[in-house]
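Contents: one structure, followed by commentary.
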Amino acid sequence: MDHLIGLKEDFVRCLAECFGLQTDTSEILINETRREFAGDFTFVLFTYVKQLKKSPAELGTIAGDWLIKNSSIVDACEVVQGFLNVTMSDAFWLRTLNAISSEPSFGESPATGKKVMVEFASPNTNKPLHLGHIRNILLGWSCARILEANGYQVITTQVINDRGIAICKSMLAWQKFGNGATPASTGIKGDHLVGDYYVLFEQTFREEYEAWQRTKEGIAVWDKSKKAGQEKEDFFKEYKNTYFNDYSRIGGEARQMLLDWEAGKPEVTALWKQMNSWVYEGFDQTYTHLGVHFDCAYYESETYLLGKKAIEKGLDQGIFYRLEDGSVWVNLEDAGMDRKILLRSDGTSVYMTQDIGTAQKRYADYGIDRMVYTVADEQDYHFKVLFEILRRLGEPYAAGLHHLSYGMVELPTGRMKSREGTVVDADDLIAEVIAEASSIAEERGEIAALPAAEQKNILRQIGLGALKFFMIRIQPRKRMIFDPKESVDMQGQTGPYVQNAYVRIQSVIRKSGGEATGDHSEYSGVEDMEKVLIRQLMQFPSVVREAGDNYDPSAIANFAYVLARDYHRFYHDVRILNAPDTNARNFRITLSGEVGKVLKKSFYLLGIEMPDRM
RNA sequence: GGUUCCGUAGCUCAGCUGGAUAGAGCAACAGAUUUCUAAUCUGUGGGUCACAGGUUCGAAUCCUGUCGGGAUCACCA
């Protein structure tokens, strides 16, 4: 609920009685008064100057006098440069805090009865997860939690690209060089083991290719196909794919394996299942470390043929058209897009076809109203096209489709490149931030007395808190420069800083001698820092709503940081347990408790845990 | 080239449904702990909000254009 509704109502009455102006509370805009002026909330008077034909000063004086006389919650008013600053009564602050604390689901919206599916992660099964996946996973997961808080029933899902030439490369290299190595026999996490063989394949291929470049055949190709003035190195860089497809021995074997897989050859299928299962075990570990889980998964090996039926339907409806060579297209030029192929001339489907089919299957499986795709912004156009096609097909969920697009993650040295070995591995990074948290905790010694398991859990929460907050506080659409050094910072605008505010609150509550909040109805002289905190708490519901409307977790992260910062200041300036009287003490403990709850809830929405001590 | 996203302090980012003198953190320097956890707090310095027009009482915010950067424009995924 809107805790300023009372003030808005008073102002509406004020406008009506003083100036004969009929408005509605929904039209009243209230800002927080800037720190340098006296007052708590501010009305901007310029809005009314024109229609009431009075100067801002005149308007403010009349309205201010009226409010002081007639509003039970306004204590004082001051007009400064066209702004009417009102100071609220102590009763207003007490009542607001009580209202917040008596609302268990403060910040959440009532159930909408609608279902939304949120897709994120979307890994390939030939490599372990990396930094880019972490951003994706954090965004998707947080978005899911935020939509839930906005009243949706949420289903999390991932698309797993478990087929294609890439996994065949890993399989082939394992077959040739693996000597039966398994995660168990080597002690290597499954996704890393499979990734190692992918790398080994690429290495072998590269050596083969380089050797070939010096053979008669290679030299002949260079002589025949080079472009004028082209360097040999550049030529062979460009020629790589052709070589892979037309000449490479090991490339040929990998392609054969893909054909065998598609034909369902038992040995190949068995190997494929085996290696993928290792990968999934590895992924699951990483997901668990990151604190996320999926309600279901869609495997490309099962969905890659879907969508053809939709193409038939679209053809019947005249939405798509077939060329003479048999390929099927859609023309979206009237919507500012272009022509897109949906079925190749040989009748096989493309990525788009599969996405159409998968969307339909998801609807069939769950009857969802909305769908969110967490995918990097390099695929903006793809989703624009996909959504337009689904809309034209008349899919019932078409209006609820959303691409949660985010900028790519780059290192200070530029984009991550696997060939240059600059890819930041997800598991390594997680281990690193936890190690950093451990070394700082050791210096501090604050949790040294706790049981080892508990310490370990806290260090995990802090390390991950640092990493996650570092990534999620940046707006999704912005491209992100990820400096590993900064990601382990635990001071300033960081996850541990917010956690620390929460920990301080828990410590206060523990020492306050019980959970009973005690009476503070006689409290008077509400401190500035207390008002600041309550004002900030009041914003929580709208922050959650807007974060949901905009698919923007960073709004919550920034809100939580500001709340934590204000609490740290309050904690520093105001005595809580040694307050001058019991009303003040009880009020401050209650306030602290509410700040703690909102911080914890905010972090929950971000997928970050709160330790009780640190 | 078309489309699209981004451009705010040395660095990383907030602020953008138009409102007061544009804010944080990091880094630098100077301080604060007999007192509730110093992963904290306070202070100092640091800005042509890329640029130019326009709309407005008022523009970092909205509109147009320019410049710079990213992404994308395959019978690839």
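All chains are named by letter (A, B, ...) in the order of the sequence lines, taking the proteins before the strands, and each is independently numbered beginning at 1. Just the heavy atoms: all of them, side chains too, but no hydrogens, waters or symmetry mates, feed the values below.
With sequence neighbours excluded, the residues that form a salt bridge (Lys or Arg N to Asp or Glu O under 4.0 Å) with A:Glu262 are A:Arg163. Shown here are the salt bridge (Lys or Arg N to Asp or Glu O under 4.0 Å) partners of A:Asp162, two or more places apart in sequence or in another chain: there are none.
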> When you look at A:Tyr502 and A:Tyr567, which way does the ring pair (Phe, Tyr, Trp, His ring centres under 6.0 Å) test go after all the steps?
Replying inline: CA-CA 9 Å; A:Tyr502 180 81; A:Tyr567 188 80; over 10 Å; no
>> Before you tell me yes or no, could you show the steps for A:Tyr198 and A:Phe201 under ring pair (Phe, Tyr, Trp, His ring centres under 6.0 Å), namely the whole-Å CA-CA distance, both residues' side-chain angles and the distance that decides it to 0.1 Å?
In response: CA-CA 5 Å; A:Tyr198 183 78; A:Phe201 177 93; 7.2 Å; no
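Secondary-structure annotation of RNA chain B gives the stems B:1-7 with B:67-73, B:10-13 with B:23-26, B:28-32 with B:40-44, B:50-54 with B:62-66, with a stem taken as at least 3 successive Watson-Crick or G-U pairs whose two distances both fall under 3.5 Å.
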Give each protein N/O atom lying under 3.5 Å from an N/O atom of nucleotides 6-11 of chain B, with the pair distance.
residue: B:C6; atom: OP1; partner: A:Arg477; partner atom: NE; Å: 2.4
residue: B:C6; atom: OP1; partner: A:Arg477; partner atom: NH2; Å: 3.4
residue: B:G7; atom: OP1; partner: A:Lys478; partner atom: NZ; Å: 3.1

At a cut-off of 3.5 Å, list every protein nitrogen or oxygen paired with a nitrogen or oxygen from nucleotides 21-23 of chain B, distance to 0.1 Å.
residue: B:G23; atom: OP1; partner: A:Arg34; partner atom: NH2; Å: 2.8

Give me the distances for all protein-to-nucleotides 71-75 of chain B N/O pairs that come in under 3.5 Å?
residue: B:A71; atom: OP1; partner: A:Arg415; partner atom: NH1; Å: 2.7
residue: B:C75; atom: O2; partner: A:Ser345; partner atom: N; Å: 2.9
residue: B:C75; atom: O2; partner: A:Ser345; partner atom: OG; Å: 3.1
residue: B:C75; atom: N3; partner: A:Ser345; partner atom: OG; Å: 3.0
residue: B:C75; atom: N4; partner: A:Asp325; partner atom: OD2; Å: 2.1

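Here A:Phe46 packs flat against the base of B:G19; its ring centre is closer than 5.5 angstrom to the base's six-membered ring, tilted by less than 30 degrees. With centres under 5.5 Å and a plane angle under 30° as the test, the ring of A:Phe83 is not stacked against the base of B:G19.
Here A:Asn241 lies out of heavy-atom contact (under 4.0 Å) with every strand. Among the protein residues, A:Ile576 comes within range of the nucleic acid bases, having at least one heavy atom under 4.0 Å from a base atom. Heavy atoms of A:Asn161 sit under 4.0 angstrom from primed sugar atoms or phosphate atoms, though from no base atom. Nucleic acid contact for A:Tyr561: sugar-phosphate only, since backbone atoms but no base atoms lie under 4.0 Å from a heavy atom of the residue.
Using atom P as the reference point in both B:A20 and B:C13, the two lie 25 Å apart (nearest Å). Nucleotides B:G54 and B:C11 are separated by 34 Å at their C1' atoms, to the nearest Å.
When each of A:Lys478, A:Lys417, A:Arg135, A:Arg479 is paired with A:Glu410, the salt bridge (charged side-chain N to carboxylate O under 4.0 Å, His left out) condition holds for A:Arg479 and for no other. Among the candidates A:Thr42, A:Asp40, A:Asn31, the single residue satisfying the side-chain hydrogen bond (donor to acceptor under 3.5 Å, both in side chains) test with A:Asn85 is A:Thr42.
For B:A20, the base has a donor-acceptor partner in the side chain of A:Thr42 [N/O atoms by modelled type, under 3.5 angstrom]. Counting distance only, with no hydrogens placed and no angle test, the side-chain atoms of A:Asn500 and the base atoms of B:A38 include no donor-acceptor pair under 3.5 Å.
Looking at A:Asp246 and A:Tyr239, their side chains never bring a donor and an acceptor atom within 3.5 Å of each other. Donor-acceptor pairing under 3.5 Å is recorded for the side chains of A:Ser405 and A:Asp380.
Interatomic distance, CD of A:Glu527 versus CZ of A:Arg575, reported as 10.0 Å (0.5 Å rounding).
Listed candidates were B:U35, B:A38, B:U40. Nearest to the side chain of A:Asn578 is B:U35.
If you take CZ of A:Arg504 and C1' of B:U35, they are 13 Å apart, rounded to a whole angstrom.
Using a cut-off of 4.0 Å between Lys/Arg side-chain N and Asp/Glu carboxylate O, A:Arg613 and A:Glu446 are scored as not salt-bridged.
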